[in-house]
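Written below as C-alpha cells is the structure these notes are about.
Chain A is the first sequence line, chain B the second, and so forth, proteins listed ahead of strands; every chain is numbered from 1. Just so it is clear, the values below take in all heavy atoms, side chains as well, and ignore hydrogens, waters and symmetry mates.
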Amino acid sequence: MICGKKTRQCRVVFHAPGYDLDATLDSGQAFRWQHEDGAWVGIVKGRWVRLVRAGQGIRAETVQDVTSWDWLSDYLQVNVRLDEVIAAFPTDKPLQEAVAACSGLRLLRQDPWECLASFILSSTKQIVQIKQIVGLLCERFGEPVAAPASATPAYAFPTATALAKVSEAELRRCKMGFRAPYLLAAAQAVARGELNLSALAGVETEEARTSLITLPGVGRKIADCVLLFAYGRQDAFPVDVWVSKALRELYFPEQLVTPKHLLEFSRTHFGPYAGYAQQYLFHYMRTRYASAP
DNA sequence: AACCAGGACACAA
DNA sequence: TTGTGTCATGGT
C-alpha cells in the first residue's frame with residue numbers, strides 16, 4: 001500500500017485477477033458508478049473512490065487517508081473465490097454460455113439502505129434512468145463528500161433519516177414519479193426504527209424477505225435484490241423482465257410458463273449460488289446482442 | 001412515434 | 001389463485 005502524504009491521497013491495489021470492473025459496476029446492481037477516462041468513480045460508504053484496473057489487480061484511490069481497506073474489499077467482494085462459485089453452478093448450456101460471455105462478473109456487497117432505496121426507485125425504469133434519479137437524490141439530499149478538486153462534487157447517498165424529513169413533492173422533483181411515496185414511507189419506517197435493517201443481517205432469508213415486503217412498493221423482486229446485493233443471500237433470485245426473458249427463452253423455449261413456475265425452477269435448478277447465476281443470466285441477456293454483427 | 005423499462009398494487013373474475 | 005389497468009417518466 002502506498003500513501004501520498006503531501007496530497008492526502010491514498011491508494012491501494014487489490015489482487016483481483018480476472019475481476020471485470022466494467023461488467024460488475026455497470027450491471028444494474030449499483031447505480032452510482034461513473035466511467036471517467038478509463039476508470040470508475042463512485043461513492044462507497046460515504047467515501048469518494050476511483051477504481052482502475054492495474055495488471056492483475058484493481059487500484060483504488062481515495063482522497064483521505066485510509067488505515068483499513070476492509071470497507072472497500074468487502075464492497076467489491078474481491079476475496080470471493082469466483083471459480084468456486086462457478087464450479088458449483090449446474091452445467092446446463094445456457095448458464096455455461098452466460099458464464100463464458102460474462103467472465104469476471106461479480107456480485108457487490110452494498111449498504112442495505114442505499115440498496116433498498118435504489119431498488120424502490122428501480123421499478124419499470126431503465127438502468128440509465130435509475131442512475132439519473134439516484135444521482136439527483138444524492139445531489140439534493142446527500143451530504144457533500146470530500147473529492148479531488150478536479151472531480152465533480154460528490155455526495156453521499158442520503159440517509160433514511162434525512163429522506164424521512166423530505167416532502168413527497170420534493171422527491172418527485174427527482175423524477176421518481178409514483179415511486180416517491182414508496183421511498184418516503186421506507187425512509188420513515190427505517191428512520192423510526194420500525195424496520196431495523198441491521199437486524200435483518202441476523203435472521204433467516206425468508207424472514208428478512210417478509211420484513212422487507214411489508215414496505216409499500218417492495219415486492220418479491222425488489223426484496224430479493226436487497227437480499228442478494230446488500231445482505232449476500234446468494235440463494236435470493238430476483239426475477240425481473242430480463243431474467244424472466246432469459247429463463248423463458250433459454251430454458252423453456254416455445255412453452256407457456258407461469259411466473260410461479262419460473263420461481264420454482266429458479267429455486268431448484270441453480271443450487272446454492274443461484275443469485276450469482278441470476279446475475280450472469282441478467283447481464284448475458286442485456287449484453288449478448290450488443291456486440292453482435 | 002409507439003413501445004418498453006431490474007414492479008407493485010388494487011381489483012376483477 | 002391468475003389476469004388486467006394504473007401509476008410517472010424518459011430512452012431507444
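Residues that satisfy the side-chain hydrogen bond (donor to acceptor under 3.5 Å, both in side chains) test with A:Arg220, not counting sequence neighbours, are A:Asp224. By the ring pair (Phe, Tyr, Trp, His ring centres under 6.0 Å) test, A:Phe31 pairs with A:Phe119, sequence neighbours left out. A:Ala100 meets the side chain to side chain contact (heavy atoms under 4.5 Å, CB included) test with no other residue; sequence neighbours excluded. Among residues two or more places apart in sequence or in another chain, the ring pair (Phe, Tyr, Trp, His ring centres under 6.0 Å) test is passed with A:Tyr182 by none. Not a single ring pair (Phe, Tyr, Trp, His ring centres under 6.0 Å) links A:His15 to another residue, sequence neighbours left out.
Side-chain heavy atoms closer than 4.5 Å link hydrophobic residues (I, L, V, M, F, W, Y) into clusters, and following such links, possibly through other members, connects A:Leu281 to A:Phe265. Transitive grouping of hydrophobic side chains (ILVMFWY, heavy atoms separated by less than 4.5 Å) brings A:Val44 and A:Val66 into a common cluster. Both A:Tyr284 and A:Ile86 belong to a common hydrophobic cluster when Ile, Leu, Val, Met, Phe, Trp and Tyr are linked at side-chain heavy-atom distances under 4.5 angstrom.
As rounded to the nearest Å, B:dA1 and C:dA8 have P atoms that lie 23 Å from one another. Spacing between B:dG6 and C:dG5 at atom P, rounded to whole Å, works out to 23 Å.
Across the protein-nucleic acid pair, A:Gln129 atom CD and B:dA5 atom C1' stand 7 Å apart, rounded to whole Å. Atom P of nucleotide B:dG6 and atom CD1 of A:Ile127 are separated by 5 Å, given to the nearest angstrom. Note: CG (A:Asp224) to P (B:dG6) measures 17 Å, nearest angstrom.
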Which dot-bracket notation, 5' to 3', represents the base pairing of DNA chain B when pairs are defined as Watson-Crick or G-U with both distances under 3.5 Å, crossing pairs as [ ], and inter-strand pairs as |? .||||.|||||||
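As judged by a 4.0 angstrom heavy-atom cut-off over every strand, A:Ser118 is placed among residues making no nucleic acid contact. Heavy atoms of A:Phe31 sit nowhere under 4.0 angstrom from any nucleic acid atom. At the heavy-atom level, A:Ser122 lies under 4.0 Å from the strands shown only through sugar-phosphate atoms.
Using a 30° and 60° split on the angle between ring planes, A:His35 and A:Trp40 fall in the tilted class, from 30° to 60°.
The stretch residues 237-248 of chain A participates, sequence neighbours left out, in these side-chain hydrogen bond (donor to acceptor under 3.5 Å, both in side chains) pairs: A:Ser244-A:Arg248. Listed by first and then second residue, the ring-ring contact (aromatic ring centres under 6.0 Å, His included) pairs involving residues 121-142 of chain A amount to none (not counting sequence neighbours).
Contacts between residues 170-180 of chain A and DNA chain C, defined by a heavy-atom separation under 4.0 Å, are made by A:Arg172, A:Lys175, A:Gly177, A:Phe178, A:Arg179. Using a 4.0 Å cutoff on non-hydrogen atoms, no part of residues 257-269 of chain A comes near DNA chain B.
Judged purely by distance below 3.5 Å, without hydrogens or angles, the side chains of A:Ser27 and A:Gln279 pair a donor atom with an acceptor atom. For A:Tyr251 and A:Asp92, the side-chain atoms include at least one donor-acceptor pair closer than 3.5 Å.
Under 4.0 Å is where a charged nitrogen must lie from a carboxylate oxygen, and between A:Glu170 and A:Lys175 no such pair does.
Applying the 5.5 angstrom centroid cut-off and the 30 degree plane-angle cut-off, the aromatic ring of A:Trp242 is not stacked upon the base of B:dG6.
Between A:Lys131 and B:dA5 there is no side-chain polar atom (N or O) within less than 4.0 angstrom of OP1 or OP2.
When side chains are defined from C-beta on, A:Val49 counts as touching A:Trp71, because their heavy atoms get closer than 4.5 Å.
Taking the six-membered ring wherever Trp is involved, the centroid distance between the rings of A:Tyr276 and A:Phe89 does not fall below 6.0 Å.
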Assign a letter to each nucleotide of nucleotides 8-13 of chain B from its 5' end: B, base within under 4.0 Å of a protein heavy atom; S, sugar-phosphate only; -, no contact. SS----
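Mapping heavy-atom proximity under 4.0 Å, the span of DNA chain C touched by chain A runs 5' to 3' from C:dT2 to C:dG11.
Taking 3.5 Å as the limit, the base of B:dG6 and the side chain of A:Gln278 contain a donor-acceptor pair of atoms between them.
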